[in-house]
Structure formats: C-alpha cells, structure tokens
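Working notes, structure below.
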Amino acid sequence: MSRNTKPSKKLSPPGRGTLQRAPTTRQDQKSLTLGELARRLGGKVVGNKGISIRGVMTIDEAQAGDITFIANEKYSKKLATTRASAVIVSPALSGQQSGGQGPKPALLVTENPYLAFARAVDLFKPEEVHPKGIHPTATICPTARLGQEVSIYPRVFVGDRTRLGDRAVIMPNVYVGEDCQIGEDTILYPNVVIYPGTVIGKRVRIHSNTVIGSSGFGFAPEEEGYFSIHQVGNTILEDEVEIGANTTIQRGALGATRIGRGTKIGSQVQIAHNVEIGENTLLIGQVGIAGSAKIGSRVILAGGVGVVGHVTVGDDVKVGARSGVTNDLPSGGTYLGYPAEPIKKMRRTQVAMHRLPAMMELLRSLKKKVAELEKRLDLE
Amino acid sequence: MSRNTKPSKKLSPPGRGTLQRAPTTRQDQKSLTLGELARRLGGKVVGNKGISIRGVMTIDEAQAGDITFIANEKYSKKLATTRASAVIVSPALSGQQSGGQGPKPALLVTENPYLAFARAVDLFKPEEVHPKGIHPTATICPTARLGQEVSIYPRVFVGDRTRLGDRAVIMPNVYVGEDCQIGEDTILYPNVVIYPGTVIGKRVRIHSNTVIGSSGFGFAPEEEGYFSIHQVGNTILEDEVEIGANTTIQRGALGATRIGRGTKIGSQVQIAHNVEIGENTLLIGQVGIAGSAKIGSRVILAGGVGVVGHVTVGDDVKVGARSGVTNDLPSGGTYLGYPAEPIKKMRRTQVAMHRLPAMMELLRSLKKKVAELEKRLDLE
Amino acid sequence: MSRNTKPSKKLSPPGRGTLQRAPTTRQDQKSLTLGELARRLGGKVVGNKGISIRGVMTIDEAQAGDITFIANEKYSKKLATTRASAVIVSPALSGQQSGGQGPKPALLVTENPYLAFARAVDLFKPEEVHPKGIHPTATICPTARLGQEVSIYPRVFVGDRTRLGDRAVIMPNVYVGEDCQIGEDTILYPNVVIYPGTVIGKRVRIHSNTVIGSSGFGFAPEEEGYFSIHQVGNTILEDEVEIGANTTIQRGALGATRIGRGTKIGSQVQIAHNVEIGENTLLIGQVGIAGSAKIGSRVILAGGVGVVGHVTVGDDVKVGARSGVTNDLPSGGTYLGYPAEPIKKMRRTQVAMHRLPAMMELLRSLKKKVAELEKRLDLE
C-alpha cells in the first residue's frame with residue numbers, strides 16, 4: 001500500500017485540541033430507592049419505598065434489584081411470577097396486589113407505564129462518553145467552522161463552509177460535504193454520509209450508513225435514453241429528528257426535502273426528493289415515500305408502507321404495515337391495504353376475500369337452481 | 001485535513017500528483033438572456049427575448065429572474081400567478097397568453113418542456129469542482145493503474161491490478177477491490193464499496209453506501225445446514241449507468257450480473273446474482289430483483305416492485321408500484337398487482353374486491369329468494 | 001488514538017508484523033481428473049474418469065475442460081448441447097446417455113447434484129489471501145485484545161475491551177465499537193459497522209455496509225412528541241451466520257437480538273430489536289422482521305417477506321415472496337399472501353380474485369332472473 005498511510009505528525013492547531021480517546025461507556029453501578037425513583041418518574045409506590053433498584057429489565061428476565069413494567073393488561077398475570085423487585089403499572093392494575101398473600105413485587109403506579117419505563121431505562125443507562133477534540137486523522141477543510149467541545153473521531157471529513165454546533169459528535173468515517181449545518185448536540189454514527197448543502201438541527205441522531213441528501217431519481221426522457229436532471233435542492237432535518245441505519249433521504253430537485261421537528265425514522269427507509277414530513281411523525285422500518293409526497297404531523301406509517309409521489313397524507317393518520325397509499329388521505333383516519341382504504345372497510349374486504357372460493361361454489365349452485373326454476377316455469 | 005486541507009499551492013503533475021483540496025462548488029451567478037436560453041435548449045420565445053434569466057425554480061417558488069416550467073396542462077392556471085420571468089411550456093399552452101392583459105411571464109415554447117427544464121437546470125447548476133491528484137491518505141495498491149487527471153480523495157482504497165479511467169472521481173472512504181475496471185469520468189460518492197473483479201463503464205455515477213459485487217445468496221442444503229456456494233462471477237455496469245444510495249448489486253454466482261448502458265437505478269434497490277438488465281431501463285427506489293431474472297430495455301419498474309428469480313420481463317414493459325412479477329411478461333405491456341396482471345384487468349379486479357362485502361350480501365339474499373321460489377314451486 | 005494507531009508492541013507478538021499488502025486472490029490454474037473430482041465430491045463417473053477438469057461453469061457457458069450441473073430434470077435436454085466435458089447429474093438422469101451415439105459429456109452421478117456443484121465451485125475457486133498483521137492506519141484502542149494471525153486492514157477502528165478471535169479478517173473502514181467479541185475466522189467486509197456490545201461467533205461473514213447493533217425504533221409517546229427509549233440490549237450472532245450487504249440488525253431494547261447458528265441473511269434486510277431467529281434459517285433479500293418476533297429453525301422467508309412484531313413463526317415454515325405474516329404460524333407449513341395463509345388456500349383465493357369481475361356479471365344476471373321468476377310467480 002502507499003507510504004502515505006502514516007498518520008500526520010502535525011497536531012491540530014491550538015484552540016481545537018486533539019481527540020485522543022475512543023468513545024466509552026461509564027458503567028458505574030447506579031442505585032436508587034423505589035421512593036426516589038417514583039419521585040423522578042412521577043408515580044405512587046404501593047409497597048416498600050425503601051427498596052433499592054439497580055436496573056431495568058423485561059418482566060421475564062428481571063431479577064431481584066430490577067424494576068420492570070406492564071404496559072398491557074393482558075400481561076397482568078406475570079405480576080405473580082416475575083422476580084423483579086418492583087413493577088411499573090397503570091392504576092387499573094394497582095389493585096391486583098391487594099388479594100392473596102400480599103404484594104410480592106412493589107408497585108410504582110403511574111398513568112403512563114410505558115413512558116415511565118422509558119425514563120427509568122434512561123436513568124440507569126450506561127453513560128456514553130465522547131472525548132472532546134479533533135482526531136489528527138480527521139480532514140477538516142479550511143473554511144469549516146466548529147463549535148465548542150465537539151468530538152471529531154478518526155477519519156471524519158468535514159467540507160468547506162460547513163458549520164458544526166457545540167458538542168456535536170461526529171463518529172469515525174463520517175463524511176459531511178461542503179456548505180452543511182449540523183446543530184448542537186447532534187450525533188452522527190460511524191459511516192454516515194451527509195451530502196453538500198444539508199441543514200441538520202439540534203439533538204438529531206443519525207445511525208450508521210444512513211445517507212442524507214443524495215441525488216433523487218430525476219431523469220427526463222430524450223430521443224435515446226434519459227437526461228439526468230441535476231438535483232440542485234437540499235435536505236433539511238429539524239431539531240430532534242432521529243434516523244435509523246441504512247436509510248436514504250434524497251435532496252430536493254429544486255427546493256428542499258424537509259423532515260419536521262421530532263419526527264423519528266426507522267432503518268432501511270427511502271425518502272425521495274422534495275418530500276415534506278411534519279412534526280412528531282413516525283416512519284417505521286422499510287417505509288418508502290416517493291417524490292413530492294406530503295406527510296402531516298403525528299402520522300404513523302408502519303413497517304414497509306409505501307406512499308406514491310405527489311399525494312398528501314393528513315395529520316394524525318395511521319397506516320398499517322405494508323400498505324400502499326395511492327391517494328390523498330384526510331387527517332385522522334386509520335388505513336390498511338393496497339390501495340390503502342379505511343381499516344374497517346379493508347378488514348371486511350379481507351374477510352370476504354378468504355370466503356371467495358366458497359362464494360364461487362354458492363354462485364354456481366344458485367345459477368344451476370335458477371336455471372332449473374326457469375325450466376320448470378317454462379314447462380308449466 | 002490537518003495539513004492537507006490547505007489549498008494546494010503546488011499543482012498536480014500529470015499522472016499521480018497529490019490531491020490537496022476538497023471538492024467544492026463554484027457558485028458564480030450565471031445569467032443568460034431568454035433568447036440565448038431558447039437557442040441553447042431548443043424552442044421559440046413568445047414575449048421579450050432580451051430579459052435576463054438567472055436560475056430555474058418550481059412554479060410556486062420562482063421569483064423575478066427565474067425560469068420555470070409547466071409539464072402538465074392541469075397546472076396551466078399557474079401561468080397567471082407565478083412570479084417567474086419566463087415559463088417553459090408545450091405548444092398547446094402557448095396560446096394561453098394571447099387573451100387578457102397580455103403575457104406576464106414570457107414563454108419558451110418547446111415540444112418537450114420537461115427535457116428543456118432538465119437542460120436549463122444543467123445550464124444554471126453550480127459547478128462541481130474536483131481537484132486532481134491523489135490524497136496522501138489514500139491507499140493505492142502497487143499494481144493499480146490510474147488514468148490522467150483522476151481525483152482520489154482521502155482514505156480511498158484501490159486494489160491491485162485495478163484500472164481507473166481518465167478523470168475518474170473517487171470520493172472519501174470508497175473501497176475498490178482488486179481486478180476492477182472503472183471507466184472515464186465515472187464518479188463514486190463517499191463510502192461506496194466495489195468488490196473485486198467489477199467492471200464499470202464510462203460516465204457512471206454511484207451514490208453513497210451503495211455496494212456493487214457483494215456475494216449473492218447461494219446456499220446448497222446439506223445434511224445439517226447449508227454449504228455456502230462461493231460466488232465466483234462478477235458484476236458489469238455499462239456506460240452511463242446511474243445508481244442511487246444504499247443499493248446492492250450482487251456479483252454473478254458463475255458468469256456476470258449485468259446492467260445495460262444508460263440504465264438508472266434508484267436507492268435501496270436489491271439486485272441479486274446473475275440478473276441481466278437491458279439498456280435505458282428505470283428501476284425506482286426499493287425495487288428487488290431475484291437471481292437470474294432478465295429485464296429488457298426501456299423497462300420501467302416503479303417503486304418497490306419485486307421480480308422473482310429466473311423470469312424474463314420483455315422490452316418496454318411498465319410495472320406499477322409495489323407489484324410482484326411472478327411470471328414472464330411479454331414486451332410492451334403495463335402491469336400491476338401481485339401477481340402482476342395487465343393493468344386494466346387488475347384495476348377491474350381491485351374495483352370488484354372493494355365491492356366484495358356488497359356482493360356477499362347480494363349472494364345471501366339471492367340464496368334466500370331462490371330457496372323461497374323452490375319452496376313455492378314445490379308446494380304448487 | 002493517534003498514539004494507539006501504531007501497531008501495539010504489547011499486543012502484537014513477533015511474527016505478526018504489520019499488514020502491508022492488500023488482499024489478493026491466487027489465480028493458480030487448478031486441474032483435477034474427473035475420477036479424482038468424483039472421489040472428493042462423492043459420486044460415480046459414467047464415462048472417462050481420466051479427463052481433466054479445470055473449472056465449473058453454467059451449462060450454457062461451459063467449455064471443454066469445464067464441469068457443469070443439472071439440478072432440475074427439466075433442463076435435461078441441455079445434456080445434448082452443452083460443451084462441458086462433464087456434467088453433474090442425479091441418478092434419474094444417468095441413463096440418458098446410453099442411447100444414441102453414446103455420451104458426449106461424461107457424467108458425475110450423485111444424489112445431490114446442487115451440493116456437489118457447490119463443492120466443485122469451492123475446489124476450483126481462486127483463493128482469497130489475507131495478509132496477516134495490523135495496518136498502521138488502523139485505530140486499535142488500548143484495551144482491545146487481538147488473537148493470533150488476524151488481518152486488520154487500513155483505517156479499521158476497534159474499540160476498547162473488544163476481543164478479536166484468531167485469524168479474524170477486518171477489512172478497510174470497518175468500525176467495531178467497544179465491548180464486542182468477534183470469533184475465529186470471521187470476516188467483516190469493507191465499511192461494516194458493529195455497534196458496541198455485539199457478540200459475533202466463529203466463521204461468520206458480514207458483507208459491506210451492513211450495520212449490526214444499531215438502536216431499534218423505540219419511542220414512548222409523551223405529552224408533546226416522543227421520548228426516545230435508550231436501547232441498552234445487544235446483538236448476538238452465533239457461529240456460521242452469513243449476512244449480505246446493506247442489511248440492518250438492531251440491538252435489543254433490553255436483552256438481546258439473537259441470530260442462531262448457521263442462519264443465512266440476504267441483502268437489504270431489516271431485523272428489529274429483540275427478534276430471535278433459530279438455526280439454519282434463510283432470510284432472503286429485503287425481508288423485514290418487526291420487534292420481538294420469534295422465527296424458528298430451518299425456516300425460509302423468501303424475498304421481501306414482512307413479519308409483524310411479537311408473532312412466532314414455527315420451525316421449518318416456508319413463506320412465499322412478499323408475503324406479510326401477521327399471526328403466529330405453526331411449524332412446518334408453507335404460507336403465502338398478506339395476511340399470509342396456507343399456500344393452497346391462498347392460491348385458490350388468488351384464482352377466485354381474478355374471476356371476480358366475471359362473478360359480478362353472473363351475480364347481476366342471476367339477480368335479474370330471480371326477480372323475473374318472482375314476478376312470474378306472483379302474476380300466476
């Protein structure tokens with residue numbers, strides 16, 4: 001290989017510092033009393049407030065010292081068998097402990113057990129520690145501007161005129177093209193690629209091998225073959241967007257592709273040029289959205305849903321797994337199937353479909369009977 | 001780039017030289033008169049040929065100085081409201097300006113407004129500038145051969161016996177295995193991986209995180225488990241192929257996987273071993289093609305279409321979004337559904353499906369009536 | 001890091017040296033007699049055992065000196081036209097040569113021609129040679145532990161406390177986070193990303209741009225927007241798992257996502273948090289499995305199959321391409337469609353669906369006839 005692979009001996013210029021450690025996790029054993037935990041998560045304790053909680057686990061795997069949760073009443077029987085020291089439950093389940101030999105696990109009663117569980121995980125999680133500075137093998141172009149306390153890992157590329165906000169974390173082998181903005185406290189995981197001109201807000205997380213701002217699929221037919229339409233727009237991700245691994249979001253052809261604040265996008269998702277997505281929308285894994293579609297706020301598209309180009313999906317719409325949205329959907333409904341229809345209608349259609357062979361039988365027998373009736377009447 | 005990010009004072013000598021600058025875009029404000037633009041794009045001006053055009057924008061976002069386009073007559077009303085200085089239209093729309101208070105925007109009349117728009121974008125686009133040379137952190141194996149004026153960015157890997165054509169651009173973190181050929185003027189975007197033995201033509205573009213030539217899914221069942229069939233074929237991409245981000249094209253098991261000249265492939269696409277695709281075919285995002293399928297020329301497979309292994313899809317076939325092709329399709333038709341059927345038939349089936357619950361009702365009522373009729377006749 | 005990127009003197013005992021060459025393939029022309037080949041693959045020769053075989057090719061492309069195979073009797077006619085010197089066939093086809101002018105190609109007769117072919121490819125394949133050692137541009141964190149004779153290519157990152165087994169091959173730009181285990185003889189292809197805490201067995205192969213252990217899609221609704229559930233579980237891949245390119249396997253939310261021994265996973269696959277997959281299961285390209293689903297052993301999910309969260313798919317189940325599994329499936333059946341149904345039932349439904357328009361016609365005509373019959377009876 002070439003001799004050029006030796007790391008540079010010259011350090012980063014003064015003021016910037018040099019990132020010299022790897023990311024790590026602080027694995028301190030944390031411990032909280034159940035009473036303290038209830039205070040932090042919001043909720044009431046039924047049982048011994050003084051017991052010590054050291055972690056969060058599923059109801060089947062929890063051991064003494066763990067807290068677990070029941071988000072769905074159908075799992076309430078597991079209260080009797082779990083080895084957890086405490087269980088987060090809804091008020092509806094808080095009475096279950098009164099009968100019998102008295103509560104084995106203590107209860108932490110709250111209106112939203114799933115949210116309380118999520119917060120408990122957060123309290124006990126190992127802390128990710130990103131050392132500050134710029135690794136000497138990173139390529140920072142001369143007119144890039146970096147905020148305070150950024151973490152730039154080995155072999156990162158940051159293009160000209162790009163600005164990184166304070167405490168941004170850019171992990172190994174990430175490429176950030178020129179003229180980008182990356183907000184404060186945003187994390188880009190290893191091997192993410194950000195094309196030129198992309199604007200990314202604060203507290204955004206983008207997982208490995210996801211590509212933001214690549215060229216969309218724009219080709220104008222000409223006499224022989226296709227003329228590639230140069231995609232001159234860009235991509236805008238607002239604050240608190242989170243994106244899974246191996247997902248693609250394409251830049252606008254003209255104008256922007258835009259993902260609204262708080263929207264969460266899964267893995268293996270494909271979002272085409274000039275798509276606009278509202279706030280706090282969920283796109284689960286393998287969703288595909290074609291060019292210029294508009295998706296509202298608080299929408300949920302389940303795994304593998306496809307949306308054709310140029311349609312509008314209203315706010316608060318839910319679409320079931322693997323459905324295909326081929327027309328505008330007004331706000332607020334729940335849809336299923338391909339083409340996507342209101343879920344009740346589609347469920348009836350699905351039921352009817354599976355009775356089709358029986359229907360055909362019946363139809364044939366009726367045809368025969370009617371023919372016989374006609375014959376008898378003609379004979380008379 | 002620590003040292004290397006400073007603009008190079010030394011020029012790149014012919015041959016290998018040292019790439020010392022990042023890619024950048026030249027953002028010069030361009031300007032053309034409408035007359036000159038009409039001459040370059042082909043078309044006739046209705047209105048003032050002398051007005052100055054400085055950019056291209058969508059009809060809703062265009063401002064004074066911009067040219068825009070109407071490719072579809074249903075948007076013709078927007079001619080009255082756009083703030084664009086000029087609009088590219090078809091001859092059918094060129095009369096629309098005669099009535100009323102006279103034309104507000106000038107018109108550029110052409111038979112193919114979409115293609116003229118695409119060419120206009122190209123004329124005004126910021127120019128991508130790739131400095132020539134080889135960055136010192138690139139790994140160029142000793143027997144690789146590089147053409148004239150190539151751009152090899154930081155941390156690229158080029159394997160033994162691989163040949164790069166003149167002016168090829170290999171962006172950061174790209175891996176090109178041994179025994180590959182990359183044609184002239186081809187661009188590989190950051191983090192692309194090209195497996196050994198791949199042959200890539202001229203003017204090909206491959207977007208980030210796409211993988212060309214990985215092993216296909218070949219496993220022969222043995223007594224316990226599977227024996228992995230070593231994939232010894234390769235992948236051939238002909239001239240002017242363009243491929244989106246996060247797409248996978250697998251090498252042949254024996255022989256080649258082949259993508260014909262001018263074919264365009266979207267993002268998140270999966271093409272299995274020994275697939276053969278003709279020329280100027282379009283595969284839109286999330287398409288999946290199983291092993292040894294043959295797809296003709298000028299085919300269009302819309303988003304999410306799946307094709308099973310070993311089938312043949314004829315030239316000029318179109319398949320609607322999310323369809324599943326399970327049998328050979330003769331040339332020239334338009335298909336939809338799973339299994340894919342001629343679109344008219346499938347549309348009728350879809351309509352009928354949604355009437356199924358009503359059909360079941362009707363069938364039940366007929367059954368009852370027929371039974372009554374039979375009873376009455378028997379009684380008589 | 002900078003200091004740590006030098007091959008550690010402590011970790012690398014003499015003999016390991018520094019990886020200074022690229023991977024390469026040894027292209028020695030191999031040659032075996034047909035008799036020797038039959039001995040190694042298992043099987044009986046019909047014809048000349050002494051002929052020399054130098055490679056494996058498809059039946060259409062084979063030339064003199066090649067061996068080919070017929071796995072499916074419907075291709076038996078090709079025996080008459082192939083230019084191969086020998087053909088691997090099942091006993092059922094071994095008689096085909098007796099008539100006529102005598103066998104042109106020799107036959108190698110075996111109970112499992114496809115497996116014999118796979119083994120023949122393996123015998124003749126060019127040998128992949130990975131030089132041993134650690135490239136000086138790799139980043140090996142100080143507390144990582146490396147086995148004997150590993151190959152660590154340029155710009156690899158290996159996190160703290162991670163252990164690599166003997167002869168592991170880590171190709172360029174791969175990122176392996178902290179606290180991982182990688183087994184003996186495992187190969188990670190370029191640009192793979194392994195998140196912290198992942199456990200990978202022996203003889204595992206993971207193709208380029210695949211991501212193992214990224215965060216799953218876990219968000220608890222709160223008053224406004226979503227609270228991200230920190231994913232504190234990990235991912236476990238057992239021995240002999242193979243994974244295609246651009247695939248994503250997410251870490252457990254709590255506990256592990258687990259892929260059983262010998263399971264093979266294609267490209268562009270998405271496996272969500274806490275999924276558990278048995279042994280020797282095949283997931284073909286673009287499969288998607290939602291959170292906490294359990295897939296048995298020896299299952300085959302064809303291309304594009306989706307499985308919803310929390311369902312259980314029994315051992316030995318087969319599911320046809322693009323189906324959607326929405327309920328538990330007992331062991332051993334074959335399923336198709338969305339929702340997936342037993343294949344025979346689904347095929348009947350599909351046939352009936354395409355007769356729907358005709359059924360509607362018939363239904364309308366029956367309705368009319370019944371009305372007429374009723375009228376006539378009332379008149380009488």
Side-chain angles (χ1 to χ4, degrees), chain A residues 1-2 4-5 8 10 12 136 139-142 155 157 159-160 173 175 178-179 191 193 196 209 211 214-215 217 219-222 224-230 232 246 248 250 254-255 268 270 272 288 290 306 308 324 338-339 341 345 348-349 352-353 355 359 362-363 366 369-370 373 376, chain B residues 1-7 22-25 56-58 61 114-115 118-119 121-122 125-126 136-141 154-155 172-173 189-191 207-209 242 244-246 262 264 266-268 280 282 284-286 303-304 321-322 350 353-354 356-357 360 363 366-367 370 373-374 377:
Chain A
M1 299 171 190
S2 89
N4 308 326
T5 50
S8 163
K10 211 162 104 188
S12 306
T139 300
I140 310 296
C141 290
R155 300 179 282 280
F157 184 103
D160 272 306
N173 299 338
Y175 179 86
E178 65 268 23
D179 298 301
N191 288 17
V193 175
N209 286 347
V211 176
S214 54
S215 288
F217 200 85
F219 299 99
E222 50 181 355
E224 201 186 323
Y226 290 90
F227 186 92
S228 295
I229 304 173
H230 200 88
V232 296
N246 276 317
T248 307
Q250 294 169 344
L254 299 170
Q268 305 278 353
Q270 149 69 3
V308 306
Y338 177 51
E341 299 276 348
K345 191 179 164 196
R348 276 199 307 268
T349 302
M353 259 181 59
R355 291 191 195 147
M359 279 173 72
L362 176 54
L363 201 51
L366 282 181
K369 285 180 179 174
V370 167
L373 286 171
R376 278 167 65 180
Chain B
M1 288 199 186
S2 85
R3 285 168 315 197
N4 307 322
T5 53
K6 293 170 199 157
T24 189
T25 48
V56 187
M57 198 28 82
T58 59
E61 296 175 272
Y114 192 53
L115 178 58
R119 287 188 174 138
V121 170
D122 210 59
K125 74 164 192 257
T137 62
T139 300
I140 310 295
C141 290
R155 299 179 283 278
N173 298 339
Y189 285 89
N191 288 17
H207 282 282
S208 286
N209 285 348
E242 300 192 30
N246 275 318
K264 314 299 185 193
S267 296
Q268 307 276 154
N280 292 314
L282 302 183
I284 299 175
Q286 294 186 318
R322 302 242 151 183
Q350 286 180 344
M353 257 179 60
H354 287 299
L356 262 178
M360 279 177 67
L363 201 53
L366 282 180
K367 185 182 167 186
V370 168
L373 287 170
E374 284 176 327
L377 282 174

Sequence neighbours excluded, the answer for salt bridge (Lys or Arg N to Asp or Glu O under 4.0 Å) partners of R119(B) is E222(A)
Restricting to non-hydrogen atoms, name the atom on [X] and the atom on [Y] that form the minimum distance, rounded to 0.1 Å.
{"X": "N173(A)", "Y": "N191(B)", "answer": "O-ND2, 3.8 Å"}
{"X": "L254(A)", "Y": "M57(B)", "answer": "CD1-C, 3.6 Å"}
{"X": "R376(A)", "Y": "L377(B)", "answer": "NH2-CB, 3.2 Å"}
{"X": "P221(A)", "Y": "Y114(B)", "answer": "CD-CD2, 4.4 Å"}
{"X": "A220(A)", "Y": "A118(B)", "answer": "CB-CB, 3.9 Å"}
{"X": "V370(B)", "Y": "K369(A)", "answer": "CG1-CB, 3.8 Å"}

Report the C-alpha separation of R155(B) and F157(A) in whole Å, then their side-chain angles, then the decisive distance to 0.1 Å, and conclude whether the side-chain contact (heavy atoms from CB on, under 4.5 Å) test is met. CA-CA 10 Å; R155(B) 299 179 283 278; F157(A) 184 103; 3.9 Å; yes
For chain B, find which of G288(A), G255(A), A272(A) contributes the most heavy-atom pairs closer than 4.5 angstrom. G288(A)
Against chain B, work out which of R348(A), K345(A), E341(A) has the most heavy-atom pairs shorter than 4.5 Å and name it. E341(A)
Taken to the nearest 0.5 Å, the spacing of L362(A) CG from L366(B) CG works out to 9.0 Å
Drop me the distance from F217(A)'s CZ to E242(B)'s CD, to the nearest 0.5 angstrom. 9.0 Å
Proximal component of V211(A), with respect to chain B [non-hydrogen, under 4.5 Å]: both
Region of Q268(A) that comes under 4.5 Å of a non-hydrogen atom in chain B: both
Winner by heavy-atom pair count (cut-off under 4.5 Å) against chain A, out of G303(B), P357(B), G262(B): P357(B)
Report the C-alpha separation of M359(A) and L363(B) in whole Å, then their side-chain angles, then the decisive distance to 0.1 Å, and conclude whether the side-chain contact (heavy atoms from CB on, under 4.5 Å) test is met. CA-CA 8 Å; M359(A) 279 173 72; L363(B) 201 53; 3.8 Å; yes
Carefully, step by step, assess L282(B) and Y226(A) under the rule side-chain contact (heavy atoms from CB on, under 4.5 Å). CA-CA 9 Å; L282(B) 302 183; Y226(A) 290 90; 3.5 Å; yes
